[in-house]
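Before any comments, here is the structure.
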Amino acid sequence: MLCLGFTPLLVLALGASLAAAVPHHALKKGCGLSKYESLVPHELKPLQKMKSQFDDSMPHSDHKCNIRLFHRRWKAADLSVPDRLKLVEAELDFVTKMLRLPAAPGFAEARQRSLTFLTQAREDLRGCAATDQPSGKLRHWLQKLQTAKETETTSCLEASAVIHIFQVLDDLKCAALQEQCS
């Protein structure tokens, strides 16, 4: 009789212990972001080339935007793991959309190689994204992104995407590192 009363308590205690041992923000099964924890130079080279070509070809006066998307008071590491995934998902959607715009012939090749890499990262992220509501910080930034898309010029948005490409990659790395990102 005593054994029957003790069993449910034991099950509850073990269940609570196991739940505490498993990270609450673990990436979904099948999520292949580990390859973005550390990017190798041959993956970064086309992105650097694209950014350099862009900087050399575009006058800085064309880069002025009213909304400064990538100037945030917080880093991706300050967000929860699900929010990091949502942030990177939005950033990659934005950047890939901007890189799909028509480009000058000399810039098109470097842009295409970068777009291929970033599109693959976006596809890899697709199976990972959480469905939770974003935090206040992230929700505010997502609203800012939407406002920028509606109000800024295409050249401003394109410049913002290219100039801040390595910030997006840092955010991707942080999302891939999960709880180890600091």
Side-chain angles (χ1 to χ4, degrees), residues 17-55 68-101 107 109-146 148-149 157-182:
S17 312
L18 287 173
V22 175
H24 295 289
H25 302 301
L27 296 178
K28 291 181 181 178
K29 193 171 190 163
C31 179
L33 291 184
S34 61
K35 64 183 169 187
Y36 301 106
E37 290 176 6
S38 177
L39 297 174
V40 292
H42 80 271
E43 293 171 324
L44 298 173
K45 193 172 184 176
L47 296 158
Q48 184 60 49
K49 182 178 179 182
M50 176 193 66
K51 186 176 181 314
S52 294
Q53 284 182 350
F54 183 83
D55 288 342
R68 295 167 36 150
L69 277 178
F70 291 94
H71 297 271
R72 303 182 288 239
R73 292 185 179 145
W74 46 268
K75 302 179 303 182
D78 298 334
L79 300 173
S80 67
V81 172
D83 273 2
R84 290 177 202 163
L85 293 170
K86 287 183 192 111
L87 171 68
V88 174
E89 180 178 30
E91 288 175 334
L92 287 171
D93 283 345
F94 170 67
V95 169
T96 56
K97 183 177 180 181
M98 293 298 105
L99 293 181
R100 285 190 178 102
L101 296 173
F107 186 52
E109 183 184 336
R111 193 178 214 174
Q112 185 56 47
R113 290 181 65 200
S114 298
L115 183 59
T116 300
F117 173 79
L118 295 167
T119 301
Q120 182 60 53
R122 178 61 186 95
E123 287 303 312
D124 292 342
L125 182 67
R126 214 174 279 290
C128 304
T131 57
D132 305 345
Q133 288 295 319
S135 67
K137 282 181 198 176
L138 181 59
R139 189 172 37 254
H140 176 72
W141 185 83
L142 292 170
Q143 290 170 345
K144 190 175 174 180
L145 174 63
Q146 187 59 41
K149 288 177 181 178
L157 295 172
E158 179 183 24
S160 187
V162 174
I163 291 167
H164 297 285
I165 193 72
F166 287 96
Q167 183 177 344
V168 173
L169 291 178
D170 285 344
D171 294 346
L172 174 60
K173 178 180 178 177
C174 184
L177 287 169
Q178 302 177 55
E179 300 295 341
Q180 288 84 32
C181 179
S182 56

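For clarity, every value in this text was computed on a predicted model and none was experimentally measured. In what follows, every heavy atom counts, from backbone to side chain, and hydrogens, waters and symmetry copies are set aside.
- Contact check on K86 versus E89 returns no salt bridge, with no Lys/Arg side-chain nitrogen under 4.0 Å from an Asp/Glu carboxylate oxygen.
- Between E43 atom CD and Q120 atom CD the span is 10.5 Å, to the nearest 0.5 Å.
- Note that the CG atom of D78 and the NZ atom of K137 stand 4.5 Å from one another [nearest 0.5 Å].
- The two residues L85 and C128 come nearest to each other via the heavy atoms CD1-O, 3.5 Å.
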Which donor-acceptor pairs under 3.5 Å do side chains of residues 90-100 form with protein atoms, sequence neighbours excluded?
unit_1, atom_1, unit_2, atom_2, d
E91, OE2, R72, NH1, 3.0
E91, OE2, R72, NH2, 3.2
D93, OD1, R122, NE, 2.5
T96, OG1, L92, O, 2.7
T96, OG1, D93, O, 3.2

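- The environment of K75 atom NZ is sparse: at most 12 non-hydrogen atoms of other residues, nucleotides or ligands sit within 6.0 angstrom.
- Looking only at distances, a side-chain donor or acceptor of K144 sits under 3.5 Å from a matching main-chain atom of R68.
- In plain terms, the two heavy atoms of D83 and P134 that are nearest each other are OD1-CA, 3.4 Å.
- No side-chain heavy atom of M50 sits under 4.5 Å from any side-chain heavy atom of Q53.
- For the residue pair E37 and A176, the shortest heavy atom distance occurs at OE2-O, 3.4 Å.
- Checking side-chain atoms of W141 against main-chain N and O of F70 turns up no donor-acceptor pair under 3.5 Å.
- Using a cutoff of 4.0 Å between basic side-chain nitrogens and carboxylate oxygens, D124 and K35 are scored as salt-bridged.
- Annotation: side-chain hydrogen bond (donor to acceptor under 3.5 Å, both in side chains) contacts of E109 (sequence neighbours excluded): none.
- Residues Q167 and D171 have side chains that never bring a donor and an acceptor to within less than 3.5 angstrom of each other.
- Side-chain contact between L39 and K173 is absent, with no heavy atoms from C-beta onward closer than 4.5 Å.
- Under the 3.5 Å distance criterion, the side-chain polar atoms of R84 are matched with a main-chain donor or acceptor of A77.
- Looking at T116 and R113, their side chains never come closer than 4.5 Å, going by heavy atoms from C-beta outward.
- Not counting sequence neighbours, H42 has no partner by the ring-ring contact (aromatic ring centres under 6.0 Å, His included) test.
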**OP:** Start with the C-alpha distance between F117 and L169, add both sets of side-chain angles, then the distance that settles side-chain contact (heavy atoms from CB on, under 4.5 Å), and finish with yes or no.
**Re:** CA-CA 11 Å; F117 173 79; L169 291 178; 3.8 Å; yes

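- Listed here is the closest heavy atom pair of V81 and E179: CG2-OE2, 3.4 Å.
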Original post:
Could you go step by step and tell me if L142 and L87 meet the side-chain contact (heavy atoms from CB on, under 4.5 Å) rule?
Top reply: CA-CA 8 Å; L142 292 170; L87 171 68; over 6 Å; no

